[in-house]
Enquirer: 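So that we are looking at the same thing, I have put the structure below in C-alpha cells.
All heavy atoms count here, side chains included; hydrogens, waters and symmetry mates do not.
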Amino acid sequence: MIKLFQSWWKNRGKRSVAALPADNIPEHVAIIMDGNGRWARNKGLPRIVGHRNGMKAVKRATIAADELGIRILTLYAFSTENWKRPKDEVDFLMSLPQEFLALELEELIEKNVQVRMMGHTDNLPRHTLEAMEEAVSRTENNTGLILNFALNYGSRREMTESMKVIAREVQTGQLSPEDITEEMINSHLLSQGLSDPDLLIRTGGELRLSNFMLWQAAYSELWFTDLYWPEFGREQLVEAVAEYQRRTRRYGGLS
Ligand code: IPE
Ligand code: IPE
Ligand code: MG
C-alpha cells in the first residue's frame, strides 16, 4: 500500500502531462509572473526573497513547458513601469538575470533551449544586458523551447517606437500609408518572429494585463490564478493548459 502511494506520488505530475491531448498544446504560452512581494510579505520576509524564490518558479515553468511540448514560453520579468519601485528592489531585480543564467545557462544549452529577450535595451544596466546577450548568443542556434524573457518590456512603448519607425519610412518615401498592414506592424514589434500567445497566464490574483503584449494578446486565452508566482509549478501549468484545451477559440467567427 505504501509502495503504491509512493509510486503514485512520484509519478503524479508525469501522469497529468500524459493525460493532456498532445494535438492541442498551445504553441506560445506567456506568463505575467506576479505576486513575489506578497508571497514574501505573507511569510514575514523581505520582498527580494520573493523574487529569489520566483526564480525557482521560472526554472520549474521552463522544464514543464519543455516537457509539455510548448514551443514558446514568454515570461514577463520586468515592466517599463517597474522602474517606479524603490532603487534597492530595482537593483535586485536587475541582478537576477545574471544570477539565474549563471546557475542555469549550461542546463538550458543542454536542453536545446533558445533564450531570447523582448524588451527595451537602452536603459538597462550593462551587467543585466550583457548577461542576457550572452545567453541569447550562446543559444541562438538551439532548436528546442524558445524561452523569451520580457525584460524592461512595455506594450505601449513597444507600439510607440514601432509607429515612429514606420512613420519615418513613410516620410522618406520607402513606404506609402497603404503598405501598412497588420503583418507589417507585427514585424516592427519586439515580438517579431514569434507567434501570438495562445495562452496568457497571470499569477498573483490581479485581473489585468499591466501593459503586457496588448497587441499580441488580441485573441489569447486568459487564465488567472490566485497563487503567487513562487508557488507556481508544473501542476499549475498543466491545469492552465487543460483548461485551454477545453475552450473553443472562435476569433469572432462561429464554432
Ligand atoms: C512580480 O511580483 C515581479 C515583478 C513585477 C518584477 P511583484 O513584485 O509585483 O509582487 P507583488 O505583486 O508586489 O506581490
Ligand atoms: C506586472 O506586475 C509586471 C510583471 C510581472 C513583470 P506588476 O506587479 O508590475 O503589475 P501591477 O502594478 O500590479 O499592475
Ligand atoms: Mg505585482
Side-chain angles (χ1 to χ4, degrees), residues 14 17 20 22-33 54-79 93-155 157-158 161-162 165 182-201 212-213 215-217 220 232-234 237 241:
K14 292 190 186 112
V17 172
L20 290 173
D23 61 347
N24 187 19
I25 297 290
E27 178 176 290
H28 184 171
V29 175
I31 309 183
I32 302 174
M33 311 185 287
M55 212 168 71
K56 296 179 190 161
V58 167
K59 178 165 190 185
R60 290 195 296 272
T62 304
I63 293 172
D66 192 32
E67 286 174 8
L68 258 66
I70 289 163
R71 286 289 305 133
I72 308 162
L73 179 66
T74 294
L75 299 175
Y76 200 11
F78 192 91
S79 77
L93 287 166
M94 286 300 151
S95 73
L96 279 184
Q98 224 169 337
E99 192 176 321
F100 176 78
L101 292 164
L103 283 171
E104 307 298 343
L105 184 58
E106 294 308 321
E107 197 179 328
L108 293 171
I109 292 171
E110 228 168 81
K111 286 196 149 65
N112 196 22
V113 171
Q114 186 188 113
V115 177
R116 292 206 199 183
M117 188 194 139
M118 178 176 84
H120 309 282
T121 52
D122 57 338
N123 55 339
L124 275 181
R126 224 168 99 178
H127 63 95
T128 313
L129 187 58
E130 280 174 2
M132 288 307 303
E133 282 175 347
E134 187 197 336
V136 170
S137 78
R138 288 187 62 197
T139 62
E140 68 186 344
N141 296 319
N142 288 356
T143 54
L145 173 78
I146 295 173
L147 178 58
N148 181 34
F149 287 101
L151 183 65
N152 194 25
Y153 174 85
S155 201
R157 183 165 165 197
E158 172 190 43
E161 286 179 3
S162 308
V165 172
E182 292 187 9
E183 290 69 32
M184 201 223 144
I185 292 173
N186 271 330
S187 71
H188 281 77
L189 298 176
L190 293 167
S191 58
Q192 57 183 257
L194 301 176
S195 55
D196 290 339
D198 298 293
L199 172 62
L200 197 161
I201 294 172
F212 186 55
M213 300 190 92
W215 167 278
Q216 298 88 337
S220 301
F232 191 91
R234 163 202 279 272
L237 187 63
V241 170

Enquirer: For the CD atom of Gln98 and the CG atom of Leu105, what is their distance to the nearest 0.5 Å?
Expert: 12.5 Å
Enquirer: When you measure from the side chain of Glu161 to the backbone N and O of Glu158, does any donor-acceptor pair fall under 3.5 Å?
Expert: no
Enquirer: How about Leu147 and Lys111: do any of their side-chain heavy atoms sit closer than 4.5 Å?
Expert: no
Enquirer: Kindly state each residue pair satisfying salt bridge (Lys or Arg N to Asp or Glu O under 4.0 Å) with at least one member in residues 184-201, sequence neighbours excluded.
Expert: Asp198-Arg249
Enquirer: Give the minimum heavy-atom separation between Met213 and Ala30, together with the two atoms involved.
Expert: SD-CB, 4.3 Å
Enquirer: For Thr143, what residues pass the side chain to side chain donor-acceptor pair (under 3.5 Å) criterion, not counting sequence neighbours?
Expert: Asn112
Enquirer: Taking the basic N atoms (NZ, or NE/NH1/NH2) and the acidic carboxylate oxygens, is any pair closer than 4.0 Å for Glu106 and Arg138?
Expert: yes
Enquirer: Between His120 and Tyr153, how do the two ring planes meet: parallel, tilted or perpendicular, split at 30° and 60°?
Expert: parallel
Enquirer: How far apart are the closest heavy atoms of Val115 and Thr139, and which atoms are they?
Expert: N-OG1, 2.8 Å
Enquirer: Minimum heavy-atom separation for Gly144 and Arg71, please, with both atom names.
Expert: O-NH1, 3.1 Å
Enquirer: Indicate the atoms forming the closest heavy-atom contact of Pro97 with Met132, along with that distance.
Expert: CB-SD, 3.9 Å
Enquirer: Atom CG of Leu194 and atom CG of Asn186: how far apart are they, to the nearest 0.5 Å?
Expert: 10.5 Å
Enquirer: Among all residues two or more places apart in sequence or in another chain, which pass the salt bridge (Lys or Arg N to Asp or Glu O under 4.0 Å) test with Arg116?
Expert: none
Enquirer: Answer yes or no: is there a side-chain heavy-atom contact under 4.5 Å between Leu151 and Thr128?
Expert: yes
Enquirer: Using side-chain heavy atoms (C-beta onward) and a distance below 4.5 Å, is Met33 in contact with Phe232?
Expert: no
Enquirer: Taking His28 for the side chain and Ser195 for the main chain, is one N or O donor matched with an acceptor at less than 3.5 Å?
Expert: yes
Enquirer: Is the shortest side-chain heavy-atom distance between Leu68 and Val29 below 4.5 Å?
Expert: no
Enquirer: Which atom pair, heavy atoms only, marks the closest approach of Phe212 to Ala150?
Expert: CE1-CB, 4.0 Å
Enquirer: When rounded to the nearest 0.5 angstrom, what distance separates NZ in Lys59 from NZ in Lys56?
Expert: 11.0 Å
Enquirer: Rounded to the nearest 0.5 Å, how far does CG of Leu101 lie from CD of Glu133?
Expert: 12.0 Å
Enquirer: Are any non-hydrogen side-chain atoms of Thr121 and Asn152 less than 4.5 angstrom apart?
Expert: no
Enquirer: Can you tell if the side chain of Phe100 reaches within under 4.5 Å of the side chain of Leu108, non-hydrogen atoms only?
Expert: yes
